[in-house]
Amino acid sequence: MADNERRDVLPTPVDPAFFHLPTLELARRLIGTMLVSEIGGAVTAGWIVETEAYIGPGDRAAHSYGNRRTPRTEVMFGPPGHAYVYVMHTHHLLNVVSGGIGCPEAVLIRAVEPANGLSVMQLRRGPVRRERDLTSGPGKLTKAMGIDRSYNGHPLFAPPLYITEGREAGEIAVGPRIGIDNSGEAKDYPWRFWEKGNPFVSR
DNA sequence: AAGTGGATTGGCT
DNA sequence: GCCAATCCACTTG
């Protein structure tokens, strides 16, 4: 099948202007949108059901805390709407860069609910006990959708990896972020957002 | 050049 | 619940 033929049935990426929102607002607005991957010639997609905000200079849990500018964090200083992908132990984690240029902020995508390409996700993930184990965590969803470091800096409004309008989100819950217990006062900031009751939320 | 530690996951006790 | 896996960025010498 020709690429242009296949494109016709795929959803349209959001406008780049979508990402020009305060980071906490963007983190909330991303719930219910769809993340689409055309990586490796296979389409996988999932509704975003869990996010976390990381807000630059004043956030001890953020890689960009204190405006730390290194090769790794460089993309966070760039324009919003681009991917910040980094390696955590044996897993890749995907963030949406937010904030203006020079404001190193980002939203971590922590979980999605599969919407398309389930069999491809299963192949990439290998055997899992329950379907919800496929994508119910930041490292799980990147593996299921083929996302790795080579997509660091990729604009998330263009193939092969992009955000689209999704569905209306259910009730959104708010609470402290996961896995940052050593980040001092920042560990209690209520900067995690999730769709209440959705089984694909990481916990 | 070596040491340290982490925005995770999965397997085992 | 504990812990190893396993990799990379970053710091220090």
Side-chain angles (χ1 to χ4, degrees), chain A residues 19 23-24 26-28 30-31 35 44 46 48-78 80-99 103-114 121-154 156 161 163 173-195 198-203:
Chain A
F19 301 100
T23 296
L24 289 174
L26 181 64
R28 185 185 290 266
L30 281 169
I31 304 289
L35 177 66
T44 53
I48 294 174
V49 298
E50 182 183 356
T51 62
E52 284 178 357
Y54 287 85
I55 307 186
D59 179 5
R60 285 184 61 181
H63 294 156
S64 53
Y65 176 57
N67 271 318
R68 239 161 63 103
R69 193 163 186 157
T70 68
R72 182 173 65 153
T73 63
E74 183 61 30
V75 68
M76 293 182 74
F77 288 81
H82 291 241
Y84 169 40
V85 182
Y86 75 99
V87 175
M88 175 60 177
H89 290 275
T90 52
H91 305 276
H92 302 277
L93 274 64
L94 170 68
N95 294 254
V96 180
V97 171
S98 62
C103 299
E105 308 178 2
V107 177
L108 172 67
I109 308 302
R110 279 197 62 89
V112 305
E113 174 181 337
M121 291 187 183
Q122 287 167 336
L123 274 173
R124 287 179 175 145
R125 288 276 293 132
V128 293
R129 192 164 120 257
R130 301 157 303 187
E131 183 179 313
R132 73 169 189 252
D133 294 326
L134 274 180
T135 54
S136 56
K140 299 175 189 176
L141 74 92
T142 54
K143 187 169 183 185
M145 300 184 74
I147 301 163
D148 62 25
R149 261 190 335 293
S150 68
Y151 295 93
N152 189 49
H154 176 80
L156 292 169
L161 181 64
I163 305 283
V174 181
R177 295 170 291 178
I178 304 291
I180 55 162
D181 288 345
N182 54 351
S183 295
E185 74 284 351
K187 76 178 165 56
D188 299 318
Y189 298 167
W191 289 356
R192 173 175 176 245
F193 302 87
W194 68 95
E195 188 175 53
N198 188 294
F200 289 87
V201 171
S202 65
R203 59 182 81 171

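Chain letters run A, B, ... following the sequence lines, proteins first, then strands; residues in each count from 1.
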Using a cut-off of less than 4.0 Å, is there contact between a side-chain N or O of [X] and OP1 or OP2 of [N]?
X        : N      : result
A/Arg68  : C/dT11 : yes
A/His89  : C/dC8  : no
A/Arg110 : B/dT8  : yes
A/Arg125 : B/dG10 : yes

Take atom [atom1] of [X] and atom [atom2] of [N], then tell me their distance rounded to the nearest Å.
X        : N      : atom1 : atom2 : result
A/Lys140 : B/dG11 : NZ    : P     : 11 Å
A/Leu94  : B/dT9  : CG    : P     : 13 Å
A/Asp181 : B/dG5  : CG    : C1'   : 15 Å

By the definition side-chain contact (heavy atoms from CB on, under 4.5 Å), identify the one residue from A/Leu93, A/Asn95, A/Val112 that meets it with A/Pro138.
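Running side-chain contact (heavy atoms from CB on, under 4.5 Å) over A/Leu93, A/Asn95, A/Val112 with A/Pro138 returns exactly one hit, A/Leu93.
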Could you check whether A/Ile180 gets within reach of a base, just the sugar-phosphate, or nothing at all, counting any heavy atom under 4.0 Å?
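Sugar-phosphate, backbone atoms only, no base.
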Hey, does A/Arg177 reach any base, or is it just sugar-phosphate, or nothing, if we go heavy atoms under 4.0 Å?
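Result for A/Arg177 = nothing.
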Watson-Crick or G-U pairs under 3.5 Å in DNA chain C, rendered as dot-bracket with [ ] for crossing pairs and | for another strand
|||||.||||||.
Taking the inter-plane angle between the rings of A/Tyr84 and A/Tyr86 on a 0 to 90° scale, is it parallel (under 30°), tilted (30 to 60°) or perpendicular (over 60°)?
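Rings of A/Tyr84 and A/Tyr86: parallel, under 30°.
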Under 5.5 Å between ring centres and under 30° between planes: does that hold for A/Tyr86 against the base of C/dA9?
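No, the aromatic ring of A/Tyr86 does not stack with the base.
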Quick one: does A/Leu161's side chain get under 4.5 Å of A/Leu35's, heavy atoms only?
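Heavy-atom side-chain distance check passes, below 4.5 Å.
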